[in-house]
Structure formats: structure tokens, C-alpha cells
Amino acid sequence: MAKTVLLAFLSLLLVVAIILQPDAAFQSSLKGLTVWWSIVFPGLLPFLVLYELIAAFGLAHAIGALLQPLMGRLFKLPGEAALTIVMGWMGGYPGGAEATASLRKRNIVSKQQGQRLLALSHMPNPLFMLVVIGAGFLHKPIAGFIIATAVWLSAIWIMLLITLFSRKEQSNLPTASAHAENKQKPSMLHQAAEALRLGREQDGRSFGKALGDSVATSVQKLMMIGGFMIFAAVLAKLAEPLLSPLLDQAGLGFIGQAFFEGHLGAYAAAVWDAPGTSTLANAAAIAAVLAWSGLSGILQAGYSISGTDLKLLPFIAWRAAHAVHACLFMVVLWHPITSLLRPLLAPGSTPTFVAFDSPDDALGTYSAVPLKVSELPLLWQHSLTACAIIALIVIALAIMLLPYRKTQKT
């Protein structure tokens, strides 16, 4: 009862604040909407749709069977968790939380495994880090790559530490790879083919039906994400009179925006100009903000895991720990990475911060700046080649496994 009264009172205060400051609430809503429409919607929609299709046609089960040994040894997770990590890292939050909740609902991961997987798969959109932050906020794409490296490596580091000190789990939960075991243990390719067949049979939808359901479900989820982002942007604006005096006095004015919304907080950290700050300090602050993800990202993950027994409080603790480690990794890695890349970079490629009049101007660079592939970090170009090679390998494996699938059906 006390919790209900408290929430009702806070809701009433929020309504009164919006009535007293309608212009500020409206402008902050537009900023949240701009970020969602310009970055999150186009960046996350393809991954959500593809994940639904991958799960519908059994490819998620096959990938899980292939990666079972690697995921089990490194993170004590089933192989199916690998696709969830790819989903979260490539699509941005809350894509990883959605995939984690799906695995937990199907009892593929235990509660403890689900908590760790939820934390590891909750990552910012890579396009936002490489293009918007690198090319827009910092005006040097290579800086976005360095920040992304710090965020990713710090997440892996924390997960390895947690896995190392966690108690050994002997989970008997059914997985796709477990169904492929025979008296004489088949090869990994045969296990993947069997898992693919079983996953497809369990779903049973036609391609048209699966595609339509995937698009409808993904758009509905993205509308929910947009609502959370707009709500968090309004909260950040209305909280400025309370937080700004304290934070500005301490020289940490960007924390107010960063606490509520990660994308707008990253911009605030980019233009942070307190006495004694430097390019490295701004980059470390951006890495910490992205790792934290803001109240908006946390609430999105909480909504995604609703209906499961996964808890939000351990997830919040992970986000705080990740923010601290991302900041430290940024400080430690900045000079070694820039020293290694300096011979490969053109003169004048050292990251410099460009101040915009508003976040809207900076976010506009996402579509306004005519970026070319050659202007992105060198490793980005090689990653495109790597993706093409991996796609060819997957196609070749599919052709090789086709006769085996036909014999299994007969």
C-alpha cells in the first residue's frame, strides 16, 4: 500500500511539473523522439525482425549447437546464448533483453544464467557509437571506435570475473543441442543440422506468416521503446532545476542527462567542458554513460523481462559496475590504441570535439554527413569483408548439410 501511494504521489508531481513547464516538456519530448526516430528505430528494427525469423526457422538452435562448447567454457551459458549476445551487441538495447527473456521463457537458460546473459547482452547500438558519436559528436570516426572498444572489452572483462567466481551450475534444462545427442556422439555439424530441423518443426509457420508476425511484433516493441525514451527525456528536463545546482557546482553537469537517457547523456558528456577536462576525460565520460544506458534503457530491459523471474535490481548493479569499468578501460586503452593506430591514420585524424548548438544539430549528422566507408575506422572496412566471408561459410555449410537433412526426414 505504501508503495502504491508513493508512486501515485510521484505521478501527480510529474503531472503538475509538466503543467507548470509545458514548453520545456514539449521540447524535451521532441529531443527524445528525434533520437528514437533517427537512430533507434532504423538501427534496431532489422535486428528484431531477423531475430524473430532466425528463431522461427531453427537457425538459432543450430547456432546454439555449434557454439555450445565455447559459451559453456567462457561464460557457463548454453550455446543459444551466443545469438542473444550478437543480437544485443549489434542491435542495441533492449534487443538483448528481449532475446534473453525469450530464452528464459523457453527454459533454455536458468535464472542465474539469465541474469548474467541479460547483463552481457545489454549494449548500446554500434552505429550510434561509430557514426553519431564518432563522426557527429567527436568529428573523428576513429574516436567512436575506441569508445566502443572500451565499452565492449569492459563488459567481457566483468562477465569473465563474475563467471570465474560464480558457483558451478549443473543445469539440466533442455536445449536444442541436447536433443542432438545420440549413443554415438555425432559431429558438431550433424548436431547443428538436427537442431535446425527440430527448431523448424517446433515453430511450423510459413515464411509469409513468420515474416508478418516478426514485423508486427518488432514495430510494437519499438513503439514501446520510443515511449520510454521520450518519457525519460521529459524526466531529465524537469529534474534540471533540482540536479543542476549540485552537479554544476561539482563540475559534473552531464550526469543529470546521463542518468535518465543514454543517448542525450552521451551528447552532454561530449560537450562537457568543466575546468581541467580533456579529450580523454570526455571520451571516458561518454563510455561510462553508454555502459550505464540511462534510466530509459534500464526500464526498457525491465519491460522486456516482465513475465519472467529475472530481477531488475542485479541488472542495475551490473550497469553501475559496467559504467565504472568502461570509464577505467577508456583511460587505460586510450593512449595505447591511439599510438598503435597513429601510423595508419591520416594527418589530423586525432579526435577533436565539435560543439553543436543543440543535440538535434549533432544528431542530424547521422543522416546529413555524407560519410563514406573509407572515412570510417580502418577496422570497420575489414569487418565488412569478414562479414562477407562468414556469410559465404554459412551458405557452404547449409549446402553441405542439405543431404543430411533430407535423410533425416526420410
Do any side-chain atoms of residues 320-330 form donor-acceptor pairs under 3.5 angstrom with protein atoms, and if so which ones, sequence neighbours left out?
from	atom 1	to	atom 2	distance (Å)
His322	ND1	Arg319	NH2	2.8
His322	NE2	Val151	O	3.0
His322	NE2	Ser154	OG	3.1
His325	ND1	Ala321	O	2.9

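Of all the heavy atoms in Met71 and Pro78, the pair that sits closest is CB-O, 3.7 Å. Here the closest non-hydrogen pair linking Ala270 and Asn282 is O-ND2, 3.2 Å. Nearest approach of Ala99 to Thr84, heavy atoms of both residues: CB-CG2, 3.5 Å. In terms of heavy atoms, Leu290 sits closest to Tyr93 at O-CE2, 4.2 Å. Among all heavy-atom pairs drawn from Ala266 and Val289, the shortest one is N-CG1, 3.6 Å. Taking each heavy atom of Phe75 and Leu160 in turn, the nearest pair found is CE2-CD2, 3.7 Å.
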*Check against side-chain contact (heavy atoms from CB on, under 4.5 Å), Leu243 and Phe260*: CA-CA 12 Å; Leu243 300 178; Phe260 291 99; 4.0 Å; yes
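In this structure, the side chain of Trp318 does not engage the main chain of Met159 through any donor-acceptor pair within 3.5 Å.
Listed by first then second residue, pairs satisfying side chain to side chain donor-acceptor pair (under 3.5 Å) with a partner in residues 218-231 read Glu52-Lys221, Glu98-Lys221, not counting sequence neighbours.
Separating the CD1 atom in Ile230 from the NZ atom in Lys31 is a distance of 14.0 Å, to the nearest 0.5 Å. One distance of note links CE of Met224 with OH of Tyr303; it measures 5.5 Å at 0.5 Å rounding. Note that the CD1 atom of Ile142 and the OG1 atom of Thr149 stand 8.0 Å from one another [nearest 0.5 Å].
With 3.5 Å as the limit, one finds no donor-acceptor pair spanning the side chains of Gln300 and Ser304.
Residues passing the side chain to side chain contact (heavy atoms under 4.5 Å, CB included) test with Leu299 are Phe228, Leu295, sequence neighbours excluded.
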